[in-house]
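Data block below; observations after.
The analysis underlying the following values was restricted to heavy atoms, covering all of them including side chains, and did not include hydrogens, waters or symmetry mates. Just so you know, ligand 1 is whichever comes first in the structure, and atom 1 is the first atom listed for that ligand.
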Amino acid sequence: MIDIVKTTPYDDQKMGTAGLRRKSQVVSQPNYFENFVQSIFNVINPTGKTYVIGGDGRFYNEIAIQKLIKMAAANGVKKLIVGQNGYLSTPASSNIILKNHTDGGFVLTASHNPGGPNGDFGIKFATETGGQCSNTISNKIFEQTQNITEYKILRIDDIKLDTLGIQKIGDMTLEVIDPIKDYVLMMQNIFDFSAIKKLFANGFTMCFDAMNAVTGPYAIEIFENILGATRGSVRNSTPKPDFGGLHPDPNLVYAKDLVDIMFSDNAPDFGAANDGDGDRNMILGKKFFVSPSDNLAILTDNYALIPGYKNGIYGVAKSMATSTAVARVAEAHKIGYYEVPTGWKYFVNLMDSKRITFCGEESFGAGSSHIREKDGIWAVLFWLNILAVTGKSVEQITREHWQKYNRSYYLRFDFDGIPTDIANDLMQNLEQKLPSLNNTIHGSFKIRLAEVFTYNDPVDNSSTTNGIRILMEDGSRIVFRLSGTSSSGATLRVYLEKLEKNNLNATPRDMVDELLKIAMEIAEIEKRTGKKQADIIT
Ligand code: G16
């Protein structure tokens, strides 16, 4: 029986950079999740349609997925494809959407944000493209959330999701699938698994940190079971509702245990980590870190070594805040190059229109048009394939890359927990100042152009502004943005890039120090936020 439940709106259900992300305690308020899901259904008219659902297993996943299934059935959905026990990584979900030509999907995740009763929960909504919905759709959904008066839900017992196969939920078909199988097949079609197998057979060692999140079972199957990495190569491999207390963001700060292993004297040959929902990656060599911006540039430069790309790639895109390293690779290979606002959804049109094959971001994301999300395990396999074919180390590959293309020293400084009005005022004040900054000299830098970044999508002609960029005459840059994934308050991100042609072996912190001082001063960060220094540097 369908219940029609009366409800009242919550005013904070506007989606950010990647879906809706809020504190678990906020999402678990009465009707909060239901209001948001019904608002999506009100916009997409789901009658007779098929959707994919899953999540990263975090706290509230189990409860939310039951609500979602019962609401889908009550709203006329024809079929749901759900990962066993409610698990699907974000990239696996995108693959299932595309492979089965479904109408879209829901991933229950707050991605790299911490989980648990005091952590975060979230919902990513994808369309039939396999990528997250456009701003036009998310604005319509927000409008619905502001006017919602009721939602529909089937009144039935909880549904068992532990057994593979098909069941009927009212008039709706529910298919429980193996969350890993199709993903593995896709990876086998892209990469040279036999070369990587040989690499491991010859004693190559790796440490993959799944951070107690969704990629653990994928990583065990691919790296240990199929490719033959030694048992135990995958650590923190059991997904836990609170990620075992870890903050599942694969960077030098939050994946500290892995970093310690990789910088110890008996470090394995290769290290990597993924985030909560499996779309982010961090790559490490023995005592060596590959910055995400360099990562994208190196993968792009080496595309021809990978069976899935050996016939050529269309082009490459990066988010504006990502370093310009990949631009130099695109120029050398004479392939298309695009800069988009932060948010993977901006890459989707470029992939669908065959303008790009690869894309990536400074926030530890890289991927290709095999799906419409970034893909953590894909990036790790890409590196393993490069290492297997070239016989070189991570450090060697990266240093040779810098020799060939120069080095973009790059760091991101995050100022967390700023009251939203103060953060907005800071950005507004900076924006007003921009015209007066052009052609001014600051220490050893001269500003060539200071502007608000505007992206004009070549496919749908939409225009989006995102962040402020200060471009220096020598190719160095300062970028300011407010994060779109904070679950409360605001985070100011300051991205610094120092382009260097000769001094290739310095530490990034030393190289961007002068830019940091300029950024602090221009944006009046200390005066306005009271913060003398960043909370997190990645
Ligand atoms: C999401 C988006 C990414 C974006 C990132 C950071 O990642 O999918 O495209 O780069 O947020 O966004 P912000 O700087 O606005 O916090 P994820 O891994 O959280 O889905």
Side-chain angles (χ1 to χ4, degrees), residues 14-22 55-56 58 89-91 93-94 106-115 119-126 130-135 138 211 213-215 247-251 254 273-282 292-293 295-296 317-323 339-348 350-351 359-367 371-376 378-379 412-418 420 423 427 453 455 464-468 479-495 534-536 538:
K14 196 166 178 59
M15 292 194 219
T17 312
L20 185 73
R21 219 164 272 188
R22 295 285 177 269
D56 62 8
R58 70 178 60 220
S89 73
T90 290
S93 166
S94 182
F106 299 75
V107 186
L108 304 176
T109 176
S111 193
H112 57 284
N113 293 20
D120 293 348
F121 190 77
I123 305 145
K124 290 181 174 178
F125 171 62
Q132 286 168 56
C133 69
S134 64
N135 292 340
S138 66
M211 303 192 83
V214 77
T215 49
H247 184 152
D249 195 359
N251 60 40
Y254 295 126
N274 277 184
D275 73 333
D277 61 333
D279 53 6
R280 295 185 175 207
N281 77 87
M282 174 168 68
S293 297
N295 188 16
L296 175 63
K318 72 171 188 73
S319 62
M320 183 274 282
T322 304
S323 97
E339 255 186 330
V340 306
T342 294
W344 206 261
K345 60 190 167 199
Y346 296 105
F347 295 129
V348 172
L350 298 176
M351 289 193 256
C359 42
E361 303 178 302
E362 52 67 40
S363 55
F364 294 80
I371 52 169
R372 297 294 182 272
E373 286 281 359
K374 52 191 183 274
D375 190 341
W378 173 88
R412 184 177 99 184
F413 293 75
D414 289 347
F415 298 83
D416 286 333
I418 306 175
T420 311
M427 290 299 282
F453 173 65
Y455 176 62
T464 311
T465 56
N466 191 252
I468 286 171
V479 174
F480 300 91
R481 264 188 76 245
L482 295 184
S483 160
T485 58
S486 312
S487 60
S488 57
T491 294
L492 170 68
R493 302 205 197 282
V494 180
Y495 311 81
D535 299 281
I536 299 279
T538 49

Contact atoms of ligand 1, heavy-atom distance to [X] under 4.0 Å:
{"X": "Arg21", "answer": "17 (P), 19 (O), 20 (O)"}
{"X": "His112", "answer": "17 (P), 18 (O), 19 (O)"}
{"X": "Asp279", "answer": "18 (O), 20 (O)"}

In terms of residue, atom name and distance, what is the protein heavy atom nearest to [atom]?
{"atom": "atom 11 (O) of ligand 1", "result": "Thr485 CG2, 3.3 Å"}
{"atom": "atom 3 (C) of ligand 1", "result": "Glu361 OE1, 3.2 Å"}
{"atom": "atom 7 (O) of ligand 1", "result": "Lys374 NZ, 2.9 Å"}
{"atom": "atom 20 (O) of ligand 1", "result": "Lys124 NZ, 2.8 Å"}
{"atom": "atom 15 (O) of ligand 1", "result": "Gly484 N, 2.5 Å"}
{"atom": "atom 17 (P) of ligand 1", "result": "Ser111 OG, 3.0 Å"}

Quiz item: Between Tyr455 and Phe453, what is the ring plane arrangement, given parallel below 30°, perpendicular above 60°, and tilted in between?
Solution: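 Aromatic pair Tyr455/Phe453 classed parallel.
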Give the contacting part of [X] toward ligand 1: side chain, backbone, both or neither, where contact means a heavy-atom distance below 4.0 Å.
{"X": "Ser483", "value": "both"}
{"X": "Arg412", "value": "neither"}
{"X": "Thr491", "value": "neither"}

Could you tell me if the side chain of [Y] sits less than 4.5 Å from the side chain of [X], heavy atoms only?
{"X": "Lys318", "Y": "Ser293", "result": "no"}
{"X": "Arg21", "Y": "Lys124", "result": "yes"}
{"X": "Arg280", "Y": "Asp249", "result": "yes"}

Quiz prompt | Minimum non-hydrogen distance to atom 1 (C) of ligand 1, winning option of Ala18, Gly376, Gly16, Gly365 | solution = Ala18
Practice problem: Look at atom 6 (C) of ligand 1 and find which of Arg481, Glu373, Arg280 reaches it with the closest heavy atom. | Solution: Arg280
Quiz prompt | Main-chain N/O of Gly130 paired with Glu373 side-chain donor or acceptor, under 3.5 Å | solution =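 Flag not set: sc Glu373 to bb Gly130 has no pair under 3.5 Å.
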Quiz item: Is it true that Glu362 lies under 4.0 Å from ligand 1, counting heavy atoms only?
Solution: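 No, that is not the case, since the closest heavy atom of the residue is not under 4.0 Å from the ligand.
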Practice problem: Please list, chain by chain and in numerical order, all residues satisfying side chain to side chain contact (heavy atoms under 4.5 Å, CB included) with Val494, sequence neighbours excluded. | Solution: Phe413, Phe415, Ile478, Phe480, Leu492, Leu496, Ala519, Ile525
